[in-house]
Amino acid sequence: MASRTASGFATPDEEDLDLFRVMAALADPVRRRVVLALAQHDGLPCGAIDMQVSKSAATRHFRVLREAGLIRQWQDGNKLGNSLRREELDRRFPGLLDLVLRESGPSTTPHP
């Protein structure tokens, strides 16, 4: 069952994280760029991550990451904050995130 935070963004509970859904989300290079950026600078707003896609495409990529359980999102004033669910992912799929981060290489540096 998905949990809801006060902001209303549903994410799967840790025990409901599905390996194949997580892997499907990570198959896209734009989404891997987001994961890399959040691994380096947790709590970034959406606009601080250089995704080089349209706003509507960026929204879709963040939704896929959130619904797969890779990120948590919250409202932070007029921005949307993002956090990598590293601890939960490491408990559920030990070593997976480390492998993805290592194989994906460095991300683009986020801009303020």
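- Interatomic distance, L70 CG to M23 CE, rounded to the nearest 0.5 Å: 10.0 Å.
- Taken to the nearest 0.5 Å, the CD atom of Q52 stands 4.5 Å off from the CG atom of D50.
- A distance of 11.5 Å separates CD of E88 from CZ of F93, quoted to the nearest 0.5 Å.
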Determine, stepwise, if the pair E87 / E14 fulfils side-chain contact (heavy atoms from CB on, under 4.5 Å).
-> CA-CA 10 Å; E87 290 179 15; E14 182 178 333; over 6 Å; no
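- Remark: side-chain polar atoms of D28 are paired, donor with acceptor, to backbone N or O of R31 under 3.5 angstrom.
- Summarising the geometry of Q73 relative to F9, their closest heavy-atom pair is O-CD1, 3.5 Å, with the distance given to 0.1 Å.
- Across G81 and D76, no two heavy atoms sit closer than the pair N-CB, 4.4 Å.
- Linking ILVMFWY residues whenever their side-chain heavy atoms come closer than 4.5 Å, directly or via other members, leaves F20 and V100 in distinct clusters.
- Of all non-hydrogen atoms in I49 and A37, the two that sit nearest each other are CG2-CB, 4.0 Å.
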Assess whether side-chain contact (heavy atoms from CB on, under 4.5 Å) is satisfied between L97 and V35, documenting all intermediate values.
-> CA-CA 9 Å; L97 209 47; V35 169; 4.1 Å; yes
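- Across every non-hydrogen atom of L80 and Q75, the tightest pair is CD1-OE1, 3.7 Å.
- For the salt bridge (charged side-chain N to carboxylate O under 4.0 Å, His left out) test, no residue two or more places apart in sequence or in another chain qualifies with D18.
- Of all heavy-atom pairs spanning R85 and L17, the tightest one is NH1-CD2, 4.1 Å.
- Taking hydrophobic clusters as Ile, Leu, Val, Met, Phe, Trp and Tyr residues chained together by side-chain heavy-atom distances below 4.5 Å, V64 does not share a cluster with L44.
- Judged as a side-chain contact (heavy atoms from CB on, under 4.5 Å), and not counting sequence neighbours, the contacts of S54 are S56, A57.
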Given the rule in the side-chain contact (heavy atoms from CB on, under 4.5 Å) test, do F62 and M51 qualify, once you have shown the distances and angles that lead to the verdict?
-> CA-CA 11 Å; F62 279 107; M51 298 174 67; 3.4 Å; yes
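- Under the 4.5 Å side-chain criterion, counting only non-hydrogen atoms from C-beta, R72 is not in contact with R66.
- Note that CG of D90 and CG of L96 are 8.5 Å apart. Values are rounded to the nearest 0.5 Å.
- When all heavy atoms of E15 and R92 are compared, the closest pair comes out as O-NH2, 3.5 Å.
- How far CG of L38 is from CG of L65: 8.5 Å, rounded to the nearest 0.5 Å.
- Separating the CD1 atom in I71 from the SG atom in C46 is a distance of 7.0 Å, to the nearest 0.5 Å.
- Hydrophobic clustering, with ILVMFWY side chains joined whenever heavy atoms are under 4.5 angstrom apart, keeps L26 apart from L99.
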